[in-house]
Amino acid sequence: MFRYAEKGRIQDYLFSLIEMADEANRTAFLEIQGRMIESTGKMKQVQNQMRSKEAEKKRAYLTLEELKQLPDDTNVYKSIGRTFVLESKAALMNEQENKFKDSEASIISLQSSKEYLEKQIAEIENNLRELLQQDPGLARQIMSMNV
């Protein structure tokens with residue numbers, strides 16, 4: 001059996017191991033929290049870009065629909081800042097079709113980025129859930145913090 005002094009040293013050693021584990025869990029939590037903040041920020045950025053491209057696509061589509069109704073010999077003007085420049089209907093339609101196609105391609109690309117970020121956020125949530133299940137004390141500390 002252990003003598004009393006040895007038991008004290010063993011307890012000190014065990015407490016130091018527990019403190020190191022707690023510190024490692026806190027560090028892991030802070031890392032996961034940072035990754036979550038970064039990923040949600042990227043997700044918001046992608047969503048804003050998607051909204052912008054959707055509006056651009058809709059504007060190009062509506063402009064094309066209006067241009068299609070006009071006769072080919074109609075004078076059409078392109079807005080450049082505060083100035084309007086005379087252009088051929090065919091050139092303006094071609095420009096709007098290109099904007100529409102570019103917007104669609106960008107939306108498809110952004111959608112795949114969004115799906116990737118959703119998977120990444122789900123993985124981060126799972127990592128956080130596992131960490132909190134592994135260390136209920138850390139979960140209690142987090143819940144007791146004032147936000």
Side-chain angles (χ1 to χ4, degrees), residues 8-147:
R9 283 188 217 149
I10 291 173
Q11 279 184 332
D12 290 343
Y13 176 71
L14 290 175
F15 284 133
S16 67
L17 284 178
I18 291 170
E19 287 175 10
M20 286 191 304
D22 287 346
E23 189 61 35
N25 285 341
R26 284 189 195 102
T27 304
F29 172 75
L30 292 175
E31 178 188 332
I32 291 171
Q33 183 183 33
R35 286 183 16 221
M36 178 63 87
I37 291 169
E38 180 183 345
S39 294
T40 53
K42 286 179 183 178
M43 176 67 84
K44 287 178 184 177
Q45 184 180 16
V46 166
Q47 289 171 334
N48 288 336
Q49 289 174 342
M50 284 182 72
R51 275 193 291 279
S52 173
K53 290 297 180 182
E54 287 286 347
E56 186 178 314
K57 176 183 167 185
K58 185 175 183 178
R59 198 173 313 115
Y61 173 77
L62 292 173
T63 303
L64 273 171
E65 290 301 310
E66 290 298 318
L67 287 172
K68 286 178 183 176
Q69 297 173 9
L70 299 174
D72 289 337
D73 61 344
T74 304
N75 288 336
V76 292
Y77 294 88
K78 175 182 175 182
S79 173
I80 302 176
R82 290 193 237 169
T83 306
F84 292 93
V85 178
L86 180 64
E87 285 217 14
S88 68
K89 178 184 169 188
L92 199 55
M93 285 188 70
N94 188 31
E95 183 180 319
Q96 294 302 317
E97 287 171 353
N98 287 339
K99 280 185 182 179
F100 185 81
K101 290 175 185 175
D102 290 345
S103 295
E104 280 187 325
S106 294
I107 289 169
I108 290 169
S109 172
L110 288 168
Q111 183 64 35
S112 66
S113 295
K114 181 181 174 187
E115 290 169 3
Y116 171 76
L117 286 169
E118 286 172 345
K119 289 177 186 176
Q120 193 174 20
I121 288 172
E123 181 182 325
I124 292 169
E125 287 174 348
N126 286 336
N127 291 344
L128 182 60
R129 193 174 297 112
E130 287 175 12
L131 178 65
L132 294 178
Q133 287 174 349
Q134 179 184 8
D135 189 355
L138 179 63
R140 282 192 294 279
Q141 285 179 339
I142 293 168
M143 296 302 290
S144 68
M145 296 171 88
N146 292 332
V147 179

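Keep in mind it's a predicted model, so treat the numbers as computed, not measured. If you read the sequence from its start, that first residue is 1, and numbering goes on from there.
The salt bridge (charged side-chain N to carboxylate O under 4.0 Å, His left out) test applied to Glu31 returns Arg35, not counting sequence neighbours. Residues forming a salt bridge (charged side-chain N to carboxylate O under 4.0 Å, His left out) with Lys44 (at least two apart in sequence, or on another chain): none. With sequence neighbours left out, the side chain to side chain donor-acceptor pair (under 3.5 Å) criterion links Asn48 to Arg51. Scored by the side-chain contact (heavy atoms from CB on, under 4.5 Å) test, Leu128 finds Phe29, Ile32, Leu132 as partners (sequence neighbours excluded). Evaluation of the side chain to side chain donor-acceptor pair (under 3.5 Å) rule for Glu54 yields no partner, not counting sequence neighbours. Scanning for salt bridge (charged side-chain N to carboxylate O under 4.0 Å, His left out) contacts around Glu115 gives an empty result, with sequence neighbours left out. With sequence neighbours excluded, no residue satisfies salt bridge (charged side-chain N to carboxylate O under 4.0 Å, His left out) with Glu130. With sequence neighbours excluded, the residues that form a side chain to side chain donor-acceptor pair (under 3.5 Å) with Asn126 are Arg129. Looking at residues two or more places apart in sequence or on another chain, you find a side-chain contact (heavy atoms from CB on, under 4.5 Å) between Asn94 and Glu97, Asn98.
The distance from atom OG1 of Thr40 to atom CD of Gln120, rounded to the nearest 0.5 Å, is 10.5 Å. Note: Thr74 OG1 to Gln69 CD = 11.5 Å, rounded to the nearest 0.5 Å. Between atom CD1 of residue Ile124 and atom NZ of residue Lys119 there is a gap of 14.5 Å, rounded to the nearest 0.5 Å. Note: Met43 CE to Glu118 CD = 4.5 Å, rounded to the nearest 0.5 Å. Here the OG atom belonging to Ser52 is positioned 13.5 Å from the CD atom belonging to Gln47, to the nearest 0.5 angstrom. Rounding to the nearest 0.5 Å gives a distance of 12.0 Å between CD of Gln49 and NZ of Lys42.
Smallest separation of non-hydrogen atoms from Leu92 and Glu87: N-OE1, 4.2 Å. Minimum heavy-atom separation, Ser113 to Val46: CB-CG2, 4.4 Å. Between Ile121 and Ser39, the closest heavy-atom pair is CG1-CB, 3.7 Å.
Residue-environment remark: CZ (Phe100) exceeds the threshold of 12 foreign heavy atoms within 6.0 Å.
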Quiz: residues 101-112 side-chain donor-acceptor pairs under 3.5 angstrom, not counting sequence neighbours:
| from | atom 1 | to | atom 2 | distance (Å) |
| --- | --- | --- | --- | --- |
| Ser103 | OG | Glu56 | OE2 | 3.2 |
| Ser103 | OG | Lys99 | O | 2.9 |
| Ser106 | OG | Asp102 | O | 3.1 |
| Ser112 | OG | Ser109 | O | 2.7 |

Please output the side-chain donor-acceptor pairs of residues 75-85 that fall under 3.5 Å, not counting sequence neighbours, one pair per line with the distance.
| from | atom 1 | to | atom 2 | distance (Å) |
| --- | --- | --- | --- | --- |
| Lys78 | NZ | Glu95 | OE1 | 3.0 |
| Lys78 | NZ | Glu95 | OE2 | 3.4 |

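Counting only residues at least two apart or on different chains, the salt bridge (Lys or Arg N to Asp or Glu O under 4.0 Å) pairs with a member in residues 58-77 are Glu65-Lys68, Asp72-Lys89.
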